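Beneath this line is the structure, given in structure tokens, with notes to follow.
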Amino acid sequence: MFDKLKEECGVFGIFGHTEASKLTYLGLYALQHRGQESAGIAASDGERIRVSKAMGYVNEAFSPDTLADLTGMMATGHVRYSTAGESRLANAQPLVVDSAHGQLALCHNGNLVNAGELKDALVRDGAIFQTNTDTEVVVHLFARSREVGVESAMVDAISQVRGAFSFVLMTTDRLVAVRDPHGFRPLAIGKLGDAWVFCSETCALDLIGATYVRDVEPGEVVVASAAGLKSIRPWPPATHAQCIFEHVYFSRPDSYVFGESVNEIRTEFGRRLARESRVEADVVVPIPDSGMCAAVGFAEASGIPMRMGLIRNHYVGRTFIEPQQSIRHFGVRVKLNPVRSILEGRRVVLVDDSIVRGTTSRKIVKMIRGAGAREVHMRISCPPTISPCFYGVDTPRRSELIAATHTLEEIRRYLGADSVAYLSLDGLTGAVPGGKTKYCTSCYTGVYPVAFPRNEAAYLQLALKLNGEPSLERPERSPEQDLDLDNPLAGAENVPLARAGR
Ligand code: SF4
């Protein structure tokens, strides 16, 4: 319902615990924000891997009986949002296969930019694909590897893929965590008694009572087995490109991601935003929940008090029945309601973490004005999003990114705000240690750290869904994006949603 980039996926794995599958279930519960389309758990009893997958939320996907069948001291799990491949059960993970190297369960967070090429070659060579996810190429490459030994076959397979990947792989007797050499997506290591845990975010460790040990480093392969924990670095070091959007929006603020507290980083974004774009105002209002941390920082640095001028209804399900299509903005109102006593007669600074299409933001600005606000100043705690992501994040096509096709003044008019300001790129990267050298900022710059495959034009055309636009040049404004800036209520509800990825 909200105008946000969509989360990618969450991965979890545990080695050496009698309640492995139940703890994986809890871990996935904590990672639910990273994917709501499907959930799956595979467990190994040392001889055989069993798997259970279903569409929907974690609490809908598993029953006590299902979990009881997933026996063994080792398990891995996945929550999925389909950044590549359509939403159907066959695409749910873990992918589990039998191969010459034994059984393998694979969970992936990220996006492989050369999966199409690899798949074409595998199909020409006789491979039969069961899913249309990018992840399945890894399973085929593993099964076909001539390397001797499971770990060597894994490394051989993974060496052939490019792009963003945090993998948790499980054989019948070991659990392996792998992070791509650029380190796009997070992957943490935890300890629970004698058990080892791998997970996308540390909030999953907190829920099961595990201790955060460290991150899997970019380009590192970590193997948990009866022999203990082993680290392998099979690839030469590469430029780090950790996804800065994990700190802006994706990750939970109670997590440590890339070794940093998301809450602290996000609050610092807000402080910097306040210093960069001062405004005379009476109250700072966060858009819940995404703007909360940045609003705290903004209020702190500006001295303007923060109040909860918008209240979120947390009990709205994924779907609701609209009584009348003609009720405008019902979709936003069902989730957010303005607090008139806080807003009436006040100059309001409205803080959010990002704007994608701008459709929700302008409805919220209108609601705030409708509740009596004298002025509304929109402040965004990241730079304008101008380019799609190819590394595991669901982005609309570029022509739908409002900042890619409109000036700041046009955006202000479209939103109906008195002023609009974004955090600068320097402000963003300055808030994270090693920001300029360790982080990917491609969706703000259009500069991509990992090259695309041989057939670059076709890849971009497919991924960007820009028929007839075979380059990364800034597109002309599309008719659907040609919004009526003086009448923010016109047109944009009809902008179709689109997904990047295959
Ligand atoms: S393009 Fe943006 S969302 Fe994608 S990995 Fe880079 S920073 Fe993250």
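Whatever order the structure lists them in is the order used to number ligands and atoms, beginning at 1. This structure is a prediction, so every number in the text was calculated from the model and none was measured. All residue numbers refer to positions in the sequence shown, counting from 1.
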- Task: State whether a side-chain donor-acceptor pair under 3.5 Å links Asn263 with Asp254.
- Result: no

- Any N/O/S atom, backbone or side chain, of Cys440 lying under 2.8 Å from atom 8 (Fe) of ligand 1? no

- Note on the structure: Heavy-atom proximity to atom 5 (S) of ligand 1 ranks first, among Pro388, Gly110, Cys243, for Cys243

- Distance-only donor-acceptor check, side chains Asp352 and Ser290, under 3.5 Å: yes

- Query: To which protein heavy atom is atom 4 (Fe) of ligand 1 closest, and what is the distance rounded to 0.1 Å?
  - Reply: Cys389 SG, 2.3 Å

- With no hydrogens and no angle check, do the side chains of His247 and Tyr439 hold a donor and an acceptor under 3.5 Å apart? yes

- Message: Tell me if the centroids of the rings in Phe12 and Phe198 come within less than 6.0 Å of each other.
- Response: no

- Message: Other residues, nucleotides and ligands only: do more than 12 of their heavy atoms fall within 6.0 Å of NZ on Lys438?
- Response: no

- Here the atoms of ligand 1 under 4.0 Å from any heavy atom belonging to Ile244 are 7 (S)

- Counting backbone and side-chain atoms alike, does Cys443 have an N/O/S atom under 2.8 Å from atom 2 (Fe) of ligand 1? yes

